[in-house]
Amino acid sequence: MRGAELLIRTAVASGIEVCFANPGTTELPIVMALDRTPGIRSVLGLFEGVCTGAADGYGRMLDKPAMTLLHLGPGLANGIANLHNARRAKSPVLNVIGEHATWHRDTDPPLAMDIESLARTVSGWWRTSRSARDIAGDVAEAVAASRLGQVATLIVPHDYQVVVGEGHPAEARRVPFDPPEPDSIEAAAKRLRTCRKVALLLGGRALRKPGLDAAARIRKMTGCDLFSPAQFGYMERGLGLPFVERVPYFPEKATARLLGYEVMLLAGAREPVTFFGYPGIKSQILTDEQERITLCTDREDVVEALENLADALSGTSTFGTGDAVFARMNRPPLPDGELTGQKACLTLAALQPENAILIDEAITARFMDFPFVAELPPHTLLSVSGGAIGFGIPCATGAAIACPDRWVIDLQADGSALYTIQGLWTQAREGLNVITLICSNRSYRILQIELSRGGITSLGSNARTVTELTNPAIDWVKTAQGFGVPGVTVSTVKDLARELSGALAGSGPRLIEMLLP
Ligand SMILES: Cc1ncc(C[n+]2csc(CCOP(=O)(O)OP(=O)(O)O)c2C)c(N)n1
Ligand SMILES: [Mg+2]
């Protein structure tokens, strides 16, 4: 058996089922091994950022890794921005990168690059295999590491991939999360018993149903309020789940919202900080006087920590809220008239099907809608966790492959869409149930807003040039069609409602350009 087959057989044994690939010559033995060994579905992405974003979306949805197959350093470099989002989302992802043959590497061939240095910036685990014999163990270890909610990157020299007869496939490995520290749980319980105003900030796996259930128990007994970071990887919401408020994006609003809390309890999330350093505004959202308590580390199981905390609090009811912590159904009615960002969100809220997966890369078009969306049928929301745009289309692609029975609706800002637009082709080729709603404001609006926040009221021609997406305007319908996805443009709520309902009644990918002011 060749090294490449050891790699694939071990990946299959470790639970890998999908490979988002954009290979080159140094990965061809692995491509051949994917052909010879059943168990992994290969999906071609036409840019590495599509592959990595898709693996992120897949990992978020299933809480288990997909594999990417990327070509040398330049291939990994093209995929880094979405791996950065995956790292921030605590997504499990396995990257496999081919490297030049060890006997060739020292000649410094044109594509040679320091791959490990790139891998290090986004990966919690990385390694270059040291022999063909090591490959299987390396894969098993990489997959186990990724399951802790991190990116794992394995670099495999070409000569080791083609060596025959060295080593055996390895069994799946499991590295469990560490158990939570009882002292941290007790310290948190103590403050929750005595403190009236506590914000419980949930991140990572705490925003999945088991974590939310435990958080709801804690809220019921103590009256604490539940928050998520402004950017998060994965959140389940809607009917029957507790209402979790997103910390606002802009620092003034975030500080104002959190000002009344004496304590912030951090469960799988870091203390919130401003997205950027603004002159005259502190980086921390919390004041120095507000107490921070960390419930557990990233190596510990946040869900178990929340469950232990709820158990430790049992019987507590000092500031409890009783039962009213779960969202009910309260769909907004369809608005009418010309579309705005808010009306687009309301239309989606009025029509989204049960168990929809919503991808939020709407940037400015979504700022308004958050309060409405908790009282809808259950759904999952994925956001641009690391702020690196070009995430939505790839992430939607991976989420649809992970969950073929659910609709994926990508609320997608226009500028961000264009970073990884070729992901539409993968959606078409794989026949994925993804609806891309383009928020077509024909600008990098957020940058214009940031400029006006900085006191710039009229833009010069250079500032306009780099923030407007006009001249020429993007033809979204033709662009989508060029990649094999049917597209349409709408400008009113009525037309959007008709097109969205029509898309939901059918199957396969669609793109709807929503003309926004
Ligand atoms: C990889 C990456 N490149 C650039 C940026 C900077 N950036 C943030 S938002 C943005 C433009 C967003 O425009 P659009 O997607 O159209 O959303 P809008 O602001 O119009 O709602 C840019 C260029 C970034 N965050 N990430
Ligand atoms: Mg825009």
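For the numbers below, each heavy atom of this structure counts, side chains included, while hydrogens, waters and symmetry mates do not.
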Pairing residues for Val384 by the side-chain contact (heavy atoms from CB on, under 4.5 Å) criterion, not counting sequence neighbours: Asn85, Glu361, Phe391
Ser452 side chain vs Ile449 backbone, donor-acceptor pair below 3.5 Å: yes
Does Arg328 CZ have over 12 foreign heavy atoms under 6.0 Å away? no
Quick check: does any side chain N or O of Thr426 sit under 3.5 Å from a backbone N or O of Leu44, one acting as donor and the other as acceptor? yes
Report, one line per pair, each donor and acceptor closer than 3.5 Å where one atom sits in a side chain of residues 485-497; sequence neighbours left out.
{"from": "Thr489", "atom 1": "OG1", "to": "Glu513", "atom 2": "OE1", "distance (Å)": "2.7"}
{"from": "Thr492", "atom 1": "OG1", "to": "Asp495", "atom 2": "N", "distance (Å)": "3.1"}
{"from": "Thr492", "atom 1": "OG1", "to": "Asp495", "atom 2": "OD2", "distance (Å)": "3.4"}
{"from": "Asp495", "atom 1": "OD1", "to": "Arg498", "atom 2": "NH1", "distance (Å)": "2.9"}

Among Leu339, Leu515, Leu469, side-chain contact (heavy atoms from CB on, under 4.5 Å) partner for Ser440: Leu515
Examine distances only and state if a side-chain atom of Arg196 and a backbone atom of Cys224 form a donor-acceptor pair shorter than 3.5 Å. no
Sorted by chain and residue number, the salt bridge (charged side-chain N to carboxylate O under 4.0 Å, His left out) partners of Asp336 (sequence neighbours excluded) come out as none
Taking only residues two or more places apart in sequence, or in another chain, which ones meet Arg217 in a salt bridge (charged side-chain N to carboxylate O under 4.0 Å, His left out)? Asp311
Just so I know, are the side chains of Arg208 and Val303 near enough to count as touching, which here means a heavy-atom distance under 4.5 Å? no
For residues Leu266 and Cys296, determine if any side-chain heavy atom of one lies less than 4.5 Å from a side-chain heavy atom of the other. no
Would you check if Thr347 and Leu334 make a side-chain contact, meaning some heavy-atom pair closer than 4.5 Å? yes
Value for CZ (Arg237) from NE2 (His379), rounded to nearest 0.5 Å, stands at 3.5 Å
According to side-chain hydrogen bond (donor to acceptor under 3.5 Å, both in side chains), does anything in residues 48-69 pair up with another residue at least two apart or in another chain? List the pairs. Glu17-Lys64, Glu48-Asn78, Asp56-Arg60, Asp56-Ser91, Arg60-Ser385, Thr68-Asn95
Out of curiosity, Phe483 CZ to Leu46 CG, how far, rounded to the nearest 0.5 Å? 7.5 Å
Taking NZ, NE, NH1 and NH2 as the nitrogens, is one of them in Lys343 or Glu338 under 4.0 Å from a carboxylate oxygen of the other? no
I'd like to know if the side chain of Thr470 reaches the main chain of Pro472, judged simply by a donor and an acceptor atom lying under 3.5 Å from each other, with no hydrogens or angles considered. no
Of the non-hydrogen atoms in Leu411 and Cys345, which two are nearest, and what is the gap between them? CD2-SG, 4.0 Å
Looking at Arg191 and Glu291, is any side-chain nitrogen of the basic one under 4.0 Å from a carboxylate oxygen of the acidic one? yes
Among side-chain atoms of Arg87 and Thr121, is any donor-acceptor pair under 3.5 angstrom? no
Tell me, please, which residues at least two apart from Lys209 pass side-chain contact (heavy atoms from CB on, under 4.5 Å). Asp213, Glu236, Leu241
For the pair Asp360 (side chain) and Ala362 (backbone), establish whether a donor and an acceptor sit closer than 3.5 Å, ignoring hydrogens and angles. yes
So Ile357 and Leu382, do their side chains get closer than 4.5 Å, heavy atoms only? yes
Can you tell me which residue among Ile435, Leu437, Ile393 is in a side-chain contact (heavy atoms from CB on, under 4.5 Å) with Asp410? Ile393
So Met235 and Ser383, side-chain contact (heavy atoms from CB on, under 4.5 Å) or not? Walk me through it. CA-CA 9 Å; Met235 186 198 291; Ser383 86; over 6 Å; no
Stepwise side-chain contact (heavy atoms from CB on, under 4.5 Å) check, Cys395 with Ile359: CA-CA 8 Å; Cys395 179; Ile359 314 287; 3.9 Å; yes
Ile438 backbone acceptor or donor facing Asp414 side chain under 3.5 Å: no
So that I can tick it off, tell me whether Arg292 and Glu271 are bridged by a salt bridge, with the cut-off set at under 4.0 angstrom between side-chain N and carboxylate O. yes
Distance-minimising heavy-atom pair for Pro404 and Asn433: O-ND2, 3.6 Å
Under a 4.5 Å cut-off applied to non-hydrogen side-chain atoms, are Ser228 and Glu245 in contact? no
The test is side-chain contact (heavy atoms from CB on, under 4.5 Å); show your working for Glu450 and Phe275 and say whether it passes. CA-CA 12 Å; Glu450 292 280 15; Phe275 212 73; over 6 Å; no
Using 0.5 Å steps for rounding, measure from the CG atom of Asn22 to the SG atom of Cys51. 5.0 Å
Please tell me if the side chains of Gln290 and Val263 come closer than 4.5 Å, counting only heavy atoms from C-beta onward. no
Would you mind reporting whether Leu265 and Leu295 have side-chain heavy atoms less than 4.5 Å apart? yes
Step by step, work out the side-chain contact (heavy atoms from CB on, under 4.5 Å) result for Ile40 and Val18. CA-CA 5 Å; Ile40 296 186; Val18 176; 5.7 Å; no
Across all chains, not counting sequence neighbours, the salt bridge (charged side-chain N to carboxylate O under 4.0 Å, His left out) partners of Arg41 are Glu430
Which atoms form the tightest heavy-atom contact between Tyr419 and Gly390, and what is the distance? CB-CA, 3.6 Å
Strictly distance-based, threshold 3.5 Å: is any side-chain N or O of Thr420 a donor or acceptor partner for the main-chain N or O of Gly423? no
Nearest non-hydrogen partners of Ala89 and Gly233, listed with the distance: CB-CA, 3.6 Å
Please check this pair: side chain of Arg445 against backbone of Thr364, looking for a donor-acceptor N/O pair closer than 3.5 Å. no
If we ignore angles and hydrogens, is there a donor and acceptor under 3.5 Å between the side chains of Gln448 and Thr467? yes
For Lys282, enumerate each residue passing the side-chain hydrogen bond (donor to acceptor under 3.5 Å, both in side chains) test, keeping only those at least two apart in sequence or located in another chain. Asp288
Could you check whether any side-chain heavy atom of Trp407 comes within less than 4.5 Å of a side-chain heavy atom of Gln352, counting everything from C-beta outward? no
Ring pair (Phe, Tyr, Trp, His ring centres under 6.0 Å) filter on Tyr278, not counting sequence neighbours, yields none
Could you pull out every donor-acceptor pair under 3.5 Å between side chains of residues 503-512 and any protein atom, sequence neighbours left out?
none

Backbone N or O of Gly49 within a donor-acceptor pair of the Asn82 side chain at under 3.5 Å? yes
Residues in side-chain hydrogen bond (donor to acceptor under 3.5 Å, both in side chains) with His71, at least two apart? Thr26, Glu27
Thr436 side chain to Gln412 side chain, donor-acceptor N/O pair below 3.5 angstrom: no
Basic-acidic side-chain contact under 4.0 Å: Glu252, Arg257: no
More than 12 foreign heavy atoms under 6.0 Å from CZ of Arg331: is that the case here? yes
Mind checking ring pair (Phe, Tyr, Trp, His ring centres under 6.0 Å) for Tyr261 and listing every partner two or more places apart, or none if nothing turns up? Phe227
Scanning both residues in full, the closest heavy-atom pair of Gly386 with His84 reads O-NE2, 3.0 Å
